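Single-structure report; data block below.
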Amino acid sequence: MAISVQSSFWDGVTELTKVAQRKGVDPLHWAIQLSSNLNSAGVALPSVELANVLVSHICWDNNEPVSWKFLEKALMLNIVPPILVLALLTTRVISRRQFQPVAYRLYLELIRRHAFIVKSHIHVLKHKEVIASVDAVLHLSETFNLPANDPGTLMVEFIFSIVWQLLDATLFDEGLLELIVEEKSKWPTKPQEMEIDGHNSYDDKRTEQRERLRNVNVELAIEIIGKFLQDTVTSRILHLACRNMPSHWADLIQRLQLLGENSSVLRKSKSLNSEIFLRFSSNTWTIFSQECKKNSQQKFPPIRAFGSPASSASLCHRTRYSALWLPLDLVLEDAMDGYQVQATSAIEKITSLVKTLKAINGTSWHDTFLGLWIAALRLVQRERDPIEGPVPRIDTRLCLLLCITVLVIADLIEEVESTTSDETEYGASNHWKEKKAPVECRNELISSLQILGEYQSLLIPLQGVISACNQAAAKAMMFISGISVSNAYLECINMKDMPMNSSAGNMRHLIVEACIARNLLDTSAYFWQGYVNGCINQMPQSIPPQAPGWTAFMKGAPLNHIMINALTSTPASSLAELEKIFEIAVKGSDEEKISAATILCGASLIRGWNIQEHTVHYITRLLSPPVPQDYSGCESHLLGYAPMLNVLIVGIASIDCVQIFSLHGLVPQLACSLMPICEVFGSCVPNLNWTLATGEEMSAHAVFSNAFTLLLKLWGFNHPPLDHGVGDAPTVGPQLTPEYLLLLRNSHLVSGNVHKGRNKMRLSAVASSSSPQPVFVDSFPKLKVWYRACIASTLSGHVRGNSVHQTVDGLLNMMFRRISGGNQPLNSVTSGSSSSSGPGNEDSSLRSKLPAWDIMEAVPFVIDAALTACAHGKLSPRELATGLKDLADFLPASLASIASYFSAEVTRGLWKPVFMNGSDWPSPAANLSNVEEQIRKILAATGVDVPSMAAGGSSPATLPLPLAAFVSLTITYKIDRASERFLNLAGPAMESLAAGCPWPCMPIVASLWTQKARRWSDFLIFSASRTVFLQNRDAVVQLLKSCFTAALGLTANPLSYHGGVGALLGHGFGSHFCGGISPVAPGILFLRVYRSIREVALLVEEILSLLMDSVREIACNSTRKERSGKLNNYNGKRYGHISLSSAMTQVQLAASLGASLVWLAGGFVLVQSVIKETLPSWFISVHRSEHSCLEGIVSMLGGYALAYFAVLCGTFAWGTDSSSSASKRRPKILGDHMEFLASALDGKISLGCDWATWHAYVTGFVSLMVSCTPGWVLDVDVEVLKRLSRGLGQWNEKELAFALLELGGVGSIGAAAELIIESEM
């Protein structure tokens, strides 16, 4: 009954309208009467039902002008919802536009008058009934696969659909829609086929009028489409659709491009312009977005230093440049630390960092590449005269510049190209976008290398690479002169052979050659202006007609002794040359395999920068040789490869080689290859020997010792036992363990289809080639037992009569057989047994029967017995050192167990100290005071007080007995190549051991060693200076303060007055400087110290405090300069008496330094703590205020500093996008932090900081996030984003609030649209 009544009421409305039409009633009077009737009937206005009734009345029985006037009046008086009326008309009129051109014209007029009044639409859409009706009429939720359940979302979909339908209709009317291949319109815009058949009474004149009207309609429709694209509100709403409906947007811009390029109406029109359509269909929408962002930044001047693009001119400004790339310099220098090998590829780490800094700094690819080249060149120049010692030297730095950096750039360019290719999947016709980005990226690499030629001081070649630079320059000169010459002849060229007017080669020539080798450049680079000077007309006469080398080898020359020496001393120039050597190593005779291994570990590994990634790949593969197909032995097949494996292991054992493998990310695979070698050869009896072609014999003990010593370098073996976990689970923390290395290696096995990027593909290929299956430490039981016993540091199993007891007795007899036979046997000291030393031939029996693992198991008990005997006076210190040396000579790998035992015993602290008096133990007195003075000089730049060696200078030097014994053992080694790889193992362990002892143990050790190896004195004294910070927390704080002071130039020291990278990291150190050893830059000291600081978490509070102190000092310093007239206002913006842009640049540098130090010191864990705990606690706490005239400015700058600090910490840890595995940790931590911000803005959290600081932090953090890391916004809960935007709106930061919602995905699209409409931006 209710339905019947309701139906009759609307029938009455229809009848009222018909009567009014017949009588010619004024539309206003009709509307007033209708409104009165509706109110009397209790119908809410605007009425959804009335909209349906009126549109149905017109379409199509009453399609008269007066009916449209009635509808227009109803719209004006808000009796019907305009948006619903437009929706209803859209579905009915567009498809009949050919037959009803007048109705289509009137519909377009209504669109032009009412579609752009979006604010009133939003008000009407507060009624759920209206939303549901519009959605049902246009099928918006179904079409866009996005529920239109709120006013904002429906408004976006409505405007998008209207523009789309008008486009399809216009394209069809102009005959262009068919040009879209395999594209069926989502809308019913195609004219109905049967509509003309029912009306055949039109004469030719009427037909001609209708055709003219159709043409006018097409022009009007195009005009309305253009208005949608140009109107401030609707264009921004369309921008929301662009971000959140990419596939639909691609379809739309394809139509816009088709219309703009082919429309005959546009070409003929005098009032319409195709530019707006072509702008949208090209990539100008991105430009529009950047302009909006720039306009937004101009309203927040302090943020402009964060997000604005850095011009090339700004790169010349020293402080500005440092602020941009300081983190990169720190990370590159940190990679040179020889105290710990990195398991993660430097390529991956640097690539991520470069992408982060490019996004944060807003730089072009040109400036980004230039910044990377300059940072890498500075790294090399920083050690022009490196100190001697067991540390990475120039070869590692050259590897990073000429190989790693080039591979980073190759990966970046490949990523840009692949990303652009992926983006064009949605728009195949967008050829401009497909080609422009990759071409521009490569062109900007070229321009960066061309500009690099202006940095002459950075391009000066180091002594060891002058010849290589000259050869590269000569190659270019001969190429442009038209002379073809092979690399073998280039090796013989001397600069004396070149024309007088030609210039010598420099580092840029090597960089260009490295880029050409990887197809980043071509030989057109040789023709760059100023690249080479002069030309050559003929081959120099000094070049021999035939020379042994790679060219001759590739032509078939035999691999004789001369050829082997030539190939070992000269790096290969192409992959084909390496492949041939690798094939010989795999398929050749035993002698040829040894020769090929020798060649691969020669110059091609150290100086083969153009093919180095392939060299390390081949060496790693050779360390895991496959089982021969015809192998049937019961022993491991690795025994048959012993000579080649030993050559490879010894060949890559140097510190530089290990670091090169580390930079390439091959440490996990290298460890995986060495573990089976150690397991197999450590289980063999030592009388298993191999006779080499030279007549030299090699034992299983030798292969095991070399492999095991190299393996130990790959994890944090030199760290004290407390740094390692105990148990079956892998340790958690920065230290590497065998379990962690294998876990990382197994992760490389993931299919190559999953890995994107050249570097990950390389690592996957290397891992798969050695073993396609995961490898676990349980596969190596002997190694696992030793490792667990090593980190547990317990002595158990030495029971009288068992095999370990017998081995211990035999080793003790071997070590101390020279002691007079009347003394009590050494083994009775610990075991209580009375067994006597056996005869002398027992030594030879021991040497021939005991496998290496049995000896390694017994070594801790042997050392314990010997040390106890020495403590009880049964063994003199000299005899102890001699016995330890005999044991180490017998099995060099035993050094590991010796070091492990001594480290554990020092940690226990049960042994009494011994006097280093020069009679029983060696004395440091000869140069201890000199060492102390040198330490003071090194630390002079930090202001740290060095504690005196001894009060009054009269107390004798003492060391704990285990440390004294270890030092006495190590100083018995000769400093030569044969002992180098073992000292490289014992040295860091001894240093770590001494650093954990009270002051001045490390200076005493340094004094003893400088007497032994004077050429290592700089390295030893520097190592001793590091322990000052490990012993004193206040010294660490002072070091951090010195880092900030130096980087910011807040010091009177003329060497660091300008601040920046040069002041922070300096230019090397050592006694080669005039006047002796020089102060070490504070940044270098921090990078060499932080890994040994246990309380890393405490660094965050200090860094945060120093950051805020630096902000205050920056403001005060700027004020002083302003008053003295020395501050240039190059940006024109001043607050109080300071130039804001200048101060913001300094603040940015301080925050960049702070974030870099936090990231380096603590990685993911520390960054998580900073963002989740430290920063919220800081804002809640009350801070002291000095109430100075600058307090407001300091508070504001402090907030921006914290914002930049927080965002940089996050980007270092998680990256700017979601491409890395680390980004999976971001949503939880970032979400918690954003919840804190939203709760504080809601008033749910009381803050203790200054309001200006809080305002600056929130606006700064959000501004950086939306402009530099937009991908982060998607990780935040939509409701949190809405709360944040409301809070920002209350601060009148509506543009920032919109930017946040705009990036929040489809969940926030409605709120963003409502904000646009309400603000009418």
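What you see is a predicted model, and the numbers here were worked out from it, not measured in a lab.
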Any side-chain heavy-atom pair from [X] and [Y] closer than 4.5 angstrom?
X       : Y       : result
Val1080 : Leu939  : no
Leu959  : Cys997  : no
Thr396  : Leu400  : no
Leu712  : Tyr787  : no
Trp911  : Thr868  : yes
Met916  : Leu1008 : yes
Thr958  : Trp921  : no

Legend entry - side-chain contact (heavy atoms from CB on, under 4.5 Å) between Leu895 and Leu969, intermediate numbers included: CA-CA 10 Å; Leu895 266 175; Leu969 166 63; 3.9 Å; yes
Where the side chain of [X] meets the backbone of [Y], is there a donor-acceptor pair that is under 3.5 Å apart?
X       : Y       : value
Thr1010 : Ser1007 : yes
Lys937  : Pro1079 : no
Lys1012 : Tyr973  : yes
Ser1105 : Glu1101 : no
His1233 : Lys1172 : no
Thr1211 : Val1207 : yes
Ser903  : Ser900  : no

Inset, instruction - May I have the step-by-step check of side-chain contact (heavy atoms from CB on, under 4.5 Å) for Leu353 and Trp325, ending in yes or no? - result: CA-CA 10 Å; Leu353 180 60; Trp325 306 110; over 6 Å; no
Can you name the closest pair of heavy atoms from [X] and [Y] and give their distance?
X       : Y       : value
Pro1003 : Val931  : O-CG1, 4.1 Å
Val1096 : Ala1161 : CG1-O, 3.5 Å
Asn1032 : Asp1034 : OD1-N, 2.9 Å
Val1147 : Ile1114 : N-CD1, 3.8 Å
Gln1146 : Leu1048 : NE2-O, 3.0 Å
Val1158 : Leu1166 : O-CD2, 3.6 Å

Inset, instruction - Say whether Ser923 and Asn917, considering side chains only, have a donor N or O and an acceptor N or O under 3.5 Å apart. - result: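 The answer is no; no qualifying pair exists.
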So [X] and [Y], would you call those rings parallel, tilted or perpendicular, with 30° and 60° as cut-offs?
X       : Y       : answer
Trp1159 : Phe1212 : tilted
Phe1086 : Tyr1090 : parallel
Phe902  : Phe966  : tilted

Legend entry - Glu333 and its side chain to side chain contact (heavy atoms under 4.5 Å, CB included) partner, picked from Leu1087, Leu1160, Val1061: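 Per the side chain to side chain contact (heavy atoms under 4.5 Å, CB included) rule, the option paired with Glu333 is Leu1087, out of Leu1087, Leu1160, Val1061.
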Inset, instruction - Tell me, please, whether Phe1022 has Arg1088 positioned over its six-membered ring: NZ or CZ under 6.0 Å from the ring centre and within 45 degrees of its axis? - result: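 Geometry flag: not set, cation outside 6.0 Å or 45°.
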Taking only residues two or more places apart in sequence or in another chain, which ones pass side chain to side chain contact (heavy atoms under 4.5 Å, CB included) with [X]?
X       : result
Leu1106 : Leu1040, Lys1041, Phe1044
Arg393  : Pro386, Glu388, Asp656
Ser1177 : none
Val944  : Thr942, Val1028, Phe1029, Ala1035, Gln1038

Inset, instruction - Please report the C-alpha distance between Arg397 and Gln381 in whole Å, then the side-chain angles of each, then the deciding distance to 0.1 Å, and finally whether the side-chain contact (heavy atoms from CB on, under 4.5 Å) criterion is met. - result: CA-CA 9 Å; Arg397 295 175 183 262; Gln381 296 293 345; over 6 Å; no
Return the [atom1] to [atom2] distance between [X] and [Y], rounded to the nearest 0.5 Å.
X       : Y       : atom1 : atom2 : result
Leu1197 : Met1108 : CG    : CE    : 9.0 Å
Gln659  : Ser662  : CD    : OG    : 5.0 Å
Asp329  : Leu1064 : CG    : CG    : 8.5 Å
Leu1104 : Thr1174 : CG    : OG1   : 7.5 Å
Met336  : Leu379  : CE    : CG    : 5.5 Å
Thr737  : Leu741  : OG1   : CG    : 6.5 Å

Legend entry - Those residues that, when tested against Trp1009, pass side chain to side chain donor-acceptor pair (under 3.5 Å) (two or more places apart):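 Per chain and number, Trp1009 pairs via side chain to side chain donor-acceptor pair (under 3.5 Å) with Thr970.
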Legend entry - Presence of salt bridge, Arg936 and Glu932, under 4.0 angstrom: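 Arg936 and Glu932: salt-bridged.
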Inset, instruction - For residues 959-969, pull every pair meeting side chain to side chain donor-acceptor pair (under 3.5 Å), keeping only residues two or more places apart or in separate chains. - result: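 Sorted result for residues 959-969: empty, none.
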Legend entry - Intermediate values then yes/no, ring pair (Phe, Tyr, Trp, His ring centres under 6.0 Å), Tyr1257 and Tyr1200: CA-CA 5 Å; Tyr1257 177 78; Tyr1200 289 131; 9.8 Å; no
Inset, instruction - Take Cys1001 and Leu963 through the test side-chain contact (heavy atoms from CB on, under 4.5 Å) and record every step on the way to the result. - result: CA-CA 9 Å; Cys1001 288; Leu963 178 56; 4.1 Å; yes
